[in-house]
Each structure stands twice: as C-alpha cells, then as structure tokens.
Amino acid sequence: MPELPEVETALRGLRPHLVGTRVLALVVRERRLRYPIPLAAEAAVAGHRIRDVRRRAKYLLFELEQGTLLLHLGMSGSLRLVSARIPPTRHDHLDLVLDSGLCLRLRDPRRFGALLWTDAPAEAHPLLRDLGCEPLTAGFDGRYLYRLATGRRIAVKPYIMDSRIVVGVGNIYASEALHLAGIHPSRAAGRISERRYQRLAGAIRQVLRDAIQQGGTSLRDFVQEDGEPGYFRQSLRVYGRQGQPCRGCGGVLRGQRIGQRSSVYCPRCQR
DNA sequence: CCGGACGCCTGTCGGC
DNA sequence: TGCCGACAGGCGTCCG
C-alpha cells in the first residue's frame with residue numbers, strides 16, 4: 001500500500017515511538033528482499049540510538065548514532081510496532097528491536113521492499129542521489145515540470161511518475177491528479193503548456209495532501225494491530241473506476257494501458 | 001539521452 | 001469447487 005502519503009503517514013505515526021530509543025538488535029528472518037539485506041547491517045545498527053527518522057521520496061531514513069538505515073516498502077510492504085514478544089507471522093521478514101520493549105516489524109509478501117545501511121550521508125546513496133523534487137516542498141511547481149518536459153515525447157503520466165522528475169507520485173495519484181487537472185494521461189509531456197503544468201502541479205499537491213490527511217485518520221495508531229488503510233476509496237475520482245461514470249461530467253471512464261501500467265481517465269474532461 | 005519493455009515476488013480475483 | 005491467467009499501490013536495469 002505504500003505511496004508517498006502512506007509512507008508519510010507511517011513516518012508521522014512511528015516517529016514519536018522511535019526517536020531517542022536504542023536499537024537492541026536487527027533481526028533478519030528473510031534476507032532476500034529487492035536487494036539482499038547486507039550482512040553488515042545487523043552488526044552496524046545494534047546498540048545505537050535512533051537520532052531521527054525522516055522520509056525522502058518513498059524511503060524511510062532511520063538516522064542512527066552511526067550510519068543510516070534506508071527502508072523502502074516496495075509494493076506490498078507494511079510496518080507495525082509490536083511488542084517484541086509477539087511472534088512473527090508469514091512474511092514478517094525483519095524486526096528492529098528497540099529498548100522500549102517494542103519492535104518495528106516489516107511485513108512484505110512480495111519482497112519488493114528493501115533495507116540498506118549506509119555510513120555516508122543518505123542523500124549521497126546511489127538510490128537517492130538522482131531523485132527529483134519532493135512534491136510537497138517549495139521548488140516543485142508548474143514551471144519546474146514544464147521546463148524538464150521540454151522536447152520530451154513521453155506520455156505525461158509516466159513523466160510525472162518518473163522519480164528523477166518528482167518523487168512519490170505512483171499510479172494512483174498520477175491518475176487522480178491528471179483527472180483533477182483535466183489532462184489526458186497519454187498526452188506528450190513536451191506538448192503541455194506551462195499554465196496547464198501549473199494546474200497539474202497544484203493537483204498533485206492537493207491529491208497527496210488530501211490522502212495524507214485521510215491516511216492520518218485511518219492509520220493513526222501504529223502500536224495497534226494493523227490499520228489497513230482503505231482511506232480514499234470513497235474519494236477516488238478515476239483510479240479503479242473504469243466503466244463507471246465520471247464524477248465531473250457523468251460520462252463513462254475509459255481504461256487504457258500506458259507504459260505497462262493501467263490508467264483510467266475521462267475522455268471528455270481530460271484532454 | 002530517450003522511451004519502452006522486462007523482471008523481481010506473492011497474493012487475489014474473476015472467468016470458465 | 002478448482003484451476004489458470006491477469007493483475008496489483010514500485011522501480012532499477014537493459015536494449016534499441
């Protein structure tokens with residue numbers, strides 16, 4: 001379930017429970033995630049305090065007294081804070097055991113997630129180095145999107161899903177933002193005006209903010225059981241609604257594959 | 001450099 | 001009911 005809003009929600013929920021606690025151990029039960037968890041990770045983190053937890057793109061960064069853990073949830077990863085006594089179940093691949101009696105447990109059935117450790121500044125890590133703008137910070141606006149799109153023939157949907165351009169916009173939010181902005185998902189990125197990119201940038205921010213807000217209400221307690229999101233289901237405009245009526249004009253929403261990802265849009269409202 | 005395809009995994013769902 | 005293919009919220013890599 002992890003898109004930027006969920007990672008952000010996870011961050012906000014977890015942070016107060018993590019910052020200042022000491023890592024007693026990293027327990028790895030399944031090392032084969034997207035990248036094998038480095039053998040050095042366990043030894044590197046044990047005994048160190050968590051100074052801070054931050055988010056960059058969809059990565060959670062656990063800054064320890066020594067080095068940083070980079071955690072990515074992939075397609076199916078989820079985090080829970082549980083008592084260290086609770087036995088792990090299937091797909092609970094690792095625990096970060098804390099001196100508070102809790103442990104941070106990663107479950108990831110598809111194993112597209114990742115846990116890496118670096119001693120260097122996290123931003124310099126190869127996986128973070130080339131990332132584009134954070135959509136919710138200054139610097140991300142229509143002009144930025146417009147400039148980087150110059151001459152590009154890629155469809156706008158995969159363009160805004162490209163993390164070298166802007167991070168955190170996954171398949172759902174790309175679809176939603178394009179509908180909100182009235183832009184056809186397969187329109188060439190380089191053939192959109194700066195003015196329309198302003199609308200798009202605003203739509204991306206709005207959609208992400210709304211989702212964070214709603215995610216916040218359904219995922220508020222990470223010490224509890226799971227907290228399945230299920231959040232925006234109700235407020236989705238197009239995603240997963242192929243064949244159903246557009247909430248704007250009442251017309252039938254159309255589905256199409258763009259760049260190997262399913263896309264839904266309104267042929268009337270989106271041009 | 002760019003755009004598009006591929007593959008990594010497991011779980012679920014719809015159709016037959 | 002059971003089987004099978006399609007598909008799933010990501011993303012790095014490879015190829016032309």
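Here is the naming used below: chain letters follow the sequence lines, and residue numbers restart at 1 for every chain.
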Looking across every strand, which nucleic acid part, if any, lies under 4.0 Å from [X] by heavy atom: base, sugar-phosphate, or nothing?
X: A/Leu73; result: nothing
X: A/Arg32; result: nothing
X: A/Tyr35; result: sugar-phosphate
X: A/Gly170; result: sugar-phosphate
X: A/Arg90; result: sugar-phosphate

Item to check | Whole-angstrom distance between B/dC6 and C/dA6, as gauged at atom P | outcome: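 The same atom, P, in both gives a distance of 14 Å.
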Item to check | Interatomic distance at C1', C/dC11 relative to B/dT12, whole Å | outcome: 22 Å
Item to check | Flag side-chain contact, heavy atom, 4.5 Å: A/Cys133 against A/Val167 | outcome: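 With C-beta onward as the side chain, the pair stays apart.
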Checklist entry - Is A/Lys157 close to A/Arg261 at the side-chain level, that is, under 4.5 Å between some pair of heavy atoms? => result yes
Contact under 4.0 Å: [X] side-chain N or O vs [N] OP1/OP2:
X: A/Arg261; N: C/dG9; result: yes
X: A/Arg153; N: B/dC2; result: no
X: A/Arg164; N: C/dC11; result: no
X: A/Tyr173; N: C/dG9; result: no
X: A/Ser76; N: C/dG9; result: no
X: A/Arg257; N: C/dA8; result: yes
X: A/His91; N: B/dG11; result: yes

Check every atom of [options] against the side chain of [X] and return the nucleotide holding the closest atom.
X: A/Arg111; options: C/dG9, B/dC9, C/dC11; result: B/dC9
X: A/Gln260; options: C/dG10, B/dG3, B/dC6; result: B/dC6
X: A/Glu3; options: C/dG9, C/dG12, B/dC2; result: C/dG9
X: A/Ile154; options: B/dT10, B/dG4, C/dA8; result: B/dG4
X: A/Tyr239; options: B/dC2, C/dG12, C/dA8; result: C/dA8

Find the distance [X]:[atom1] to [N]:[atom2] and express it as a whole number of Å.
X: A/Arg129; N: C/dG12; atom1: CZ; atom2: P; result: 11 Å
X: A/Leu236; N: C/dG9; atom1: CG; atom2: P; result: 12 Å
X: A/Leu116; N: C/dC11; atom1: CG; atom2: P; result: 13 Å
X: A/Asp92; N: B/dT10; atom1: CG; atom2: C1'; result: 15 Å
X: A/Glu30; N: B/dC8; atom1: CD; atom2: P; result: 16 Å
X: A/Tyr159; N: C/dC11; atom1: OH; atom2: C1'; result: 18 Å
X: A/Met161; N: C/dA8; atom1: CE; atom2: P; result: 11 Å
X: A/Arg241; N: C/dA8; atom1: CZ; atom2: P; result: 17 Å

Checklist entry - Has A/Phe112 got its ring stacked on C/dC11, by the test of a centre gap below 5.5 Å and a plane angle below 30°? => result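 So A/Phe112 does not count as stacking on the base.
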Judged by modelled atom types alone, do [X] and [Y] share a side-chain donor-acceptor pair under 3.5 Å?
X: A/Asp99; Y: A/Thr21; result: no
X: A/His179; Y: A/Arg237; result: yes
X: A/Tyr265; Y: A/Gln256; result: yes

Next on the checklist: Under 3.5 Å for both donor-acceptor distances, Watson-Crick or wobble: does C/dG9 have a partner, and if so which one?
Outcome noted: none
Checklist entry - Across all strands shown, which nucleotide pairs with B/dC9 by Watson-Crick or G-U wobble geometry, both distances under 3.5 Å? => result none
Checklist entry - Taking for each residue the nucleotide of DNA chain C with the nearest heavy atom, is it A/Arg110 or A/Gly168 whose nucleotide lies nearer the 5' end? => result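 So the residue in question is A/Arg110.
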Item to check | Lys/Arg-Asp/Glu bridge criterion (N-O < 4.0 Å) met for A/Asp130, A/Arg164 | outcome: no
Checklist entry - Could A/Arg56 and A/Glu123 be called an ion pair, given the rule that one side-chain N must be under 4.0 Å from one carboxylate O? => result no
Item to check | Whichever of A/Arg34 and A/Pro109 has its nearest DNA chain B nucleotide further upstream toward 5' | outcome: A/Arg34
